[in-house]
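First up is the structure itself, then whatever we jot down about it.
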Amino acid sequence: MFFFPMLVVYGKHTLPAAVAFGGGIAAIIVLLLASRMTGSRAGVWFGWLLQAAILATGFIEPFMVVVGLVFLALWVFCFVKGGQLDRQNAARRVALGED
């Protein structure tokens, strides 16, 4: 998700090339590492922090606010739907006596 914005920021000369590519690659690496942490409570909080950071990139490239809002909506949807599925699965396990 940061690859193309990195190219846009570089192409529009918003930031120097080293900062645009270094920051973009660093963001990609941090997001990849964060995706492996979402199973823990700290990882979820880190994910929320990264959502705010993605929105903050809108100060560098205004269209990133739109991208950030889309990813924030996906993040929230996944938590809501995941909670629903967890409750359904728990109720099913209790009904079947598996727990």
Side-chain angles (χ1 to χ4, degrees):
M1 106 170 232
F2 265 94
F3 179 74
F4 290 114
M6 174 179 63
L7 294 178
V8 168
V9 168
Y10 167 72
K12 289 174 69 175
H13 305 290
T14 306
L15 296 173
V19 175
F21 286 111
I25 291 169
I28 290 168
I29 291 170
V30 168
L31 289 168
L32 285 171
L33 293 173
S35 71
R36 306 307 305 160
M37 297 172 51
T38 56
S40 70
R41 188 163 177 80
V44 171
W45 281 106
F46 188 54
W48 281 108
L49 179 68
L50 289 176
Q51 292 298 324
I54 292 167
L55 282 172
T57 61
F59 289 111
I60 298 169
E61 174 56 41
F63 190 71
M64 283 301 291
V65 172
V66 175
V67 173
L69 289 173
V70 168
F71 277 90
L72 179 62
L74 287 169
W75 181 259
V76 171
F77 171 78
C78 288
F79 274 97
V80 171
K81 195 59 170 173
Q84 289 174 349
L85 292 172
D86 287 344
R87 287 188 295 278
Q88 286 176 354
N89 288 336
R92 182 181 47 86
R93 281 193 298 273
V94 167
L96 294 174
E98 294 176 359
D99 222 13

request  = Evaluate the side-chain proximity of F2 to M64: yes if any heavy-atom separation is below 4.5 Å, no if none is.
outcome  = yes
inquiry  = Applying salt bridge (Lys or Arg N to Asp or Glu O under 4.0 Å) as the test, list every pair that has at least one member in residues 24-34; sequence neighbours left out.
reply    = none
inquiry  = Once side chain to side chain donor-acceptor pair (under 3.5 Å) is applied, what residue pairs with a partner in residues 62-85 remain, sequence neighbours excluded?
reply    = K81-Q84
Show me the donor-acceptor pairs within less than 3.5 Å that the side chains of residues 43-54 make with the rest of the protein, sequence neighbours left out.
unit_1 : atom_1 : unit_2 : atom_2 : d
Q51    : OE1    : L72    : N      : 3.4

Scan the side chains in residues 7-34 for donor-acceptor partners under 3.5 Å anywhere in the protein, sequence neighbours excluded, and list what turns up.
unit_1 : atom_1 : unit_2 : atom_2 : d
K12    : NZ     : E61    : OE1    : 3.0
K12    : NZ     : E61    : OE2    : 3.4

query = Sub-3.5 Å donor-acceptor pair from the side chain of R87 to the main-chain atoms of G83, do we have one?
reply = yes
Pairs satisfying salt bridge (Lys or Arg N to Asp or Glu O under 4.0 Å), at least one member in residues 50-59, at least two apart = none
task = With sequence neighbours excluded, give me every salt bridge (Lys or Arg N to Asp or Glu O under 4.0 Å) pair touching residues 28-46.
result = none
message = If hydrophobic residues (ILVMFWY) are linked whenever their side-chain heavy atoms come closer than 4.5 Å, directly or via other members, who joins L85 in its cluster?
response = none
request  = Check the surroundings of atom CZ in F79: do more than 12 heavy atoms from other residues, nucleotides or ligands lie under 6.0 Å from it?
outcome  = yes
query = Quick one: do F71 and V66 end up in the same hydrophobic cluster if we chain Ile, Leu, Val, Met, Phe, Trp and Tyr together by side-chain heavy atoms under 4.5 Å apart?
reply = yes
